[in-house]
Amino acid sequence: MNDLVLGTLPVAATGTAALLLLLLAAFLNRGRAVGYAGVGLTALLGCGSVRLLWAEGVRPVPGALLSCDRLALFFDALFLLAALFAMALSTDYLAKKRRDRAELYGLVALAATGMMALASATNLIVFYLGLELMSLSFYVMAGLLREHENSIAAAFKYFLLGAFSSAFLLMGAALLYGSLGSLDYAGMAVRLAEGAPAFGEPMLLMGFLLFLVGLFFKLSLIPFHFWAPDVYQGAPTPVTALMAVGGKTAALAAALRVFLSAFSQSPLLSGKWAAIFTAIGLLTIFTGSMVALTQRHIKRLLAYSSVVHAGFLALGLAALGLGAPLGQRMLEALLFYVSAYLFMNFGAFAVAGAVERPENQDEPLRSFSGLGTASPLLAALFALFLFSLAGIPLTAGFLGKFYVFGVLVSAHHYWVAALGLLGAVIATYYYLKTVVALYFPPAGEEPAPAPVVGAATWAVLGATALLTLYLGVFPAVVTEAAKGLTIG
Amino acid sequence: MDFLLNPLNQVTYLPLAAALVLAFVPKSFGPKIKYVATGVFFADFLLSLPLWFSWDGASSAAKGMWAWEFNVPWITSLGVRYHFGVDGVSALLVLLTTTLGVLAALCSWSYIQNREKEYYVWLLILQTGMVGVFCSLDFFLFYVFWEVMLVPMYFLIGIWGGANKLYAAIKFFLYTLAGSVLMLIGILVLYFRTEAVNEGVKSFDLDVIYKVALDPQLQWWVFAAFFVGFAIKVPMFPFHTWLPDAHVEAPTAGSVILAGVLLKMGTYGFYRFSLPLLPDATVAWLPFLLVLSIIGVVYGAMVSLVQKDMKKLVAYSSVSHLGFCMAGMFALTRAGVEGSILQMLNHGISTGGLFLLVGIVYERMHTREIKLYGGLAKLMPVYALFFMVITLSSIGLPGLNGFIGEITILLGAYHMSPALIFSKSLIFFLVSGMLLGAAYMLWLYQRVFWGEVTNPHLEEHCKGKDMNGREWAYMAPLVVLALWIGLYPKPIFDRMEKSVDFVLSRVKPAVERVERAKGYPPERLPQPVRGEGEAAVGHPVAVTETEVKKETFSPEKGAPAASAAPARAGHGE
């Protein structure tokens, strides 16, 4: 078959799955059944097409709007896994909330389609389309529990701020187009390599910075993170997990691609890129950890945890411009990091969703008190995910940090590495505080009753826990797949 | 299969395997779990015995420097290897760990009343972590064990600790973590330089890293990174504040292991990594380190004097004793380093013993406040006797273990190269530390045991309740060990001799450089004796000097003197 058509297969297949699911939801009024159908369809169409193309390989087609290289396929696999986890968790979650929201599953698949488009876009227009497809699905999903004020507030807040940040991105894209005369990354690269932008440097820089601001919003880097805690708190927990993992990974993938294929061609822009991402990464790690210390609710805490993780990703993004061997190694390190982040974060959110009571939107840390005795297995898994998020060895989270900081040290960025790692130590404090709530209940307090956990949730918990541990000891599965991946 | 046949793997993973099994034992199994756990600890101890008894067979020159090596690739993309092995020093520390493990399990039988299953599971996992640290010969592997071990200790303090346990547990965890992430950067710096010496492949393997030669400037920074990690663990003077908190709040077994084994990891880190890998930086940092050690010795002892809580007193005495170890280590003479290592073992025996003894009366009285005691010798005479022996061992009475360690360190420090430090008289502050040590321990003894019984509760809770069989069982071995090391330390010195020589041979060129720069004729200086050069045999070391000096010269007299092993001359043979 034609490579041009083949290259759109993953996006098209997942999009088809999304449409089928939405249709199914309209005719079938049993949410759980649609959920299972969603898991099946997404796995079959999405994962099947990714698997096929990964094995076959697609030759790059010049001028194609979507690039289906292995880097994109790697990200596609992550998004599909996240979507599968989110769907599986939702079946139990919605049953617990006694809500039948069959349309959720189609929206999850639609969001995944958006993420995939975002990660393989080679053109600013497709970039924007993918971003909006993902974001619009998120806005709807955040407000899905419309009987809850929090959920409505989350959807509204997310919509306003998201639209705002999209406006920044669009403005940036427009200015970039104005000064470079091309919407295509490859075309932008040619102009940047030539050196002289058509309308002078200020316009180019302005466009670049506005574009970055839009990315910072999506990555929830400080000071563009204010939406994250409220939205994460109000949205249904499986959707929160998808936002935290999928949304962030997609923004990272898009940033990777646009930098590697366009901005890296200009010494001016790549210098600014490195400086800005380093500064904002360190700021995010430190401020995010400090603010996380004051959080009293589990989803808000996990929200700040994901903000801090975005800080580590930003340090990685900053080092992409280091040149061939180091930049490539950092790319591979980031790929491992986001894979680890997918599993450990989904696991943590799965526990948070399992513990959540039907009438609540978010559980205070207090209600985790004594989970260690009430439900030892659930508590042990949660502790594992928290230790992994903190970066304790033998978990995937440790190796993720290890790879990223390893490249920083080999690039002689000692101070950045030292500051980043000390920030990680501060971050450990709030994870430990959560573990404290699990295992060390205050004397005389009645432990909360053991939560009822559904089979689908157990399945997700088991899979994420196993992978968190397995990748922490044998990372080769992912590092081998990530080896040598690059754009093109 | 080979994996399981290796004795080091057996010792390391038996507790972990047992812990995994115990974790799934049903609750109805109840308190019987402590017998099973103790049995596992004892089995682990038995498994570790070959490290002592087959030492000569295993460490023959043909096998190289590491004994019972096990070396397979682990994470190939990073060049991480699963490299296990011990030298004379780490073998002794593994033995110390397994011995104290049995005692710690025994002393928990009555102390731990709630959530017993979890307790023994964590205790077993902790043992795996500790043994793993001492056996790892791959820097990545070492770091993994070093960090993972924090988790069980955190739970042991946090769940079964005293009133302020959460604060202590989190402080312990974060302090150590902060130190170790900086150490990680140091490790990475070394790692990225292994490419040049290992055919273009980066490696964490210690055998490869030992070949890396860093320029002194960079060494200084890497040493700084390691220093933070290790000094927090030791703990050296300004980094010690986590220790009293952790000790006071930890359950007895936690304190025993914390003092007996965990603190040794810091000193072991200096011995295994800082000295041989960063010789120039070692020499450059040496005055600073010695001053900190000596401040630790004196300050720890003085703070111990004014404590009102027995456990806190013992905790601060650890700061003092570990200062001694560090001073001996950085004397960079054979006697100094050997004394330092012996003192690590001694500290495990005597301070571990003191914590166990404090735990015994705490279980009866539920207080550790010194002023609530007095006249205990009348009520618990056997206990008083045990306490006396361990006290004397701690303060260094000749004939007991502490004396051998301290006198060896003093001699080693006395013979250190005058080129290395601005004033050798600094060393004599160590003696004041010994005197203060005798003062606080004997004063404690006096206040607790002598005089009339003034507290009616004491009579009520302790009369007729002298040490029971189980308490005998875990105290008697320590007394035997204290006496044995005090009277015949030769086997221990024999085991560490070659390993210490190897480390010193790595530092020696740097010392000589400083001596030459300062105009000291090298032949007039005491040098570490190297036994026939076997230390380097079979070991990929960049050191090339093969000349062996059997005798050394003391700078004061200029006459040949067996300055490198004075204590052994006096006590061993």
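Convention: sequence-line order gives letters A, B, ...; per-chain numbering from 1.
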Rounded to the nearest 0.5 angstrom, the CD1-CG distance for B/I170 and A/L432 is 5.5 Å
Under 4.5 Å from any heavy atom of chain B - which part of A/A476 = neither
Is there side-chain contact between B/L78 and A/Y403, with at least one heavy-atom pair below 4.5 Å?
-> yes
Sort out for me which of B/L166, B/L182, B/I187 touches chain A most, counting heavy-atom pairs under 4.5 Å.
-> B/L166
Counting only heavy atoms closer than 4.5 Å, note whether B/L150 contacts chain A via side chain, backbone, both or neither.
-> neither
Residue pair A/F405, B/V181: steps toward the side-chain contact (heavy atoms from CB on, under 4.5 Å) verdict | CA-CA 10 Å; A/F405 283 99; B/V181 294; over 6 Å; no
I would like to know whether A/L394 and B/E147 meet side-chain contact (heavy atoms from CB on, under 4.5 Å); could you show each step before the answer?
-> CA-CA 9 Å; A/L394 296 185; B/E147 287 250 295; over 6 Å; no
Residue B/K171 versus chain A: region with a heavy atom under 4.5 Å = neither
Most contact-rich option vs chain B, by heavy-atom pairs under 4.5 angstrom, among A/A424, A/A383, A/G406, is A/G406
For chain B, find which of A/V436, A/V425, A/T428 contributes the most heavy-atom pairs closer than 4.5 angstrom.
-> A/V425
Quick one: of B/W74, B/Y154, B/Y191, who has the most non-hydrogen atom pairs under 4.5 Å with chain A?
-> B/Y154
Under 4.5 Å between any side-chain heavy atoms of A/Y429 and B/F173, yes or no?
-> no
Heavy-atom distance under 4.5 Å to chain A: side chain of B/I75, backbone, both or neither?
-> side chain
Below 4.5 Å from any heavy atom of chain B, which atoms of A/S410 appear? Answer side chain, backbone, both or neither.
-> both
How many angstroms lie between atom CD1 of B/I185 and atom NE2 of A/H413, to the nearest 0.5 angstrom?
-> 13.0 Å
Heavy-atom neighbours of B/Y111 OH exceed 12 at 6.0 Å = yes
Quick one: what part of B/F145 sits under 4.5 Å from any heavy atom of chain A, side chain, backbone, both or neither?
-> neither
Below 4.5 Å, heavy atoms only, C-beta onward: do B/F192 and A/V409 meet side chain to side chain?
-> yes
Are B/V80 and A/F402 close enough that some pair of their side-chain heavy atoms sits under 4.5 Å apart?
-> no
Would you check if B/F155 and A/V435 make a side-chain contact, meaning some heavy-atom pair closer than 4.5 Å?
-> yes
Determine the option with the most heavy-atom pairs under 4.5 angstrom with chain A, choosing from B/S77, B/A178, B/A225, B/G158.
-> B/G158
Separation between CG (B/L177) and CD1 (A/I426), nearest 0.5 Å, reads 11.0 Å
Side chain, backbone, both or neither: which part of A/L408 has a non-hydrogen atom closer than 4.5 Å to chain B?
-> neither
Mind ranking B/V151, B/I159, B/V148 by heavy-atom pairs under 4.5 Å with chain A and telling me who comes out on top?
-> B/I159
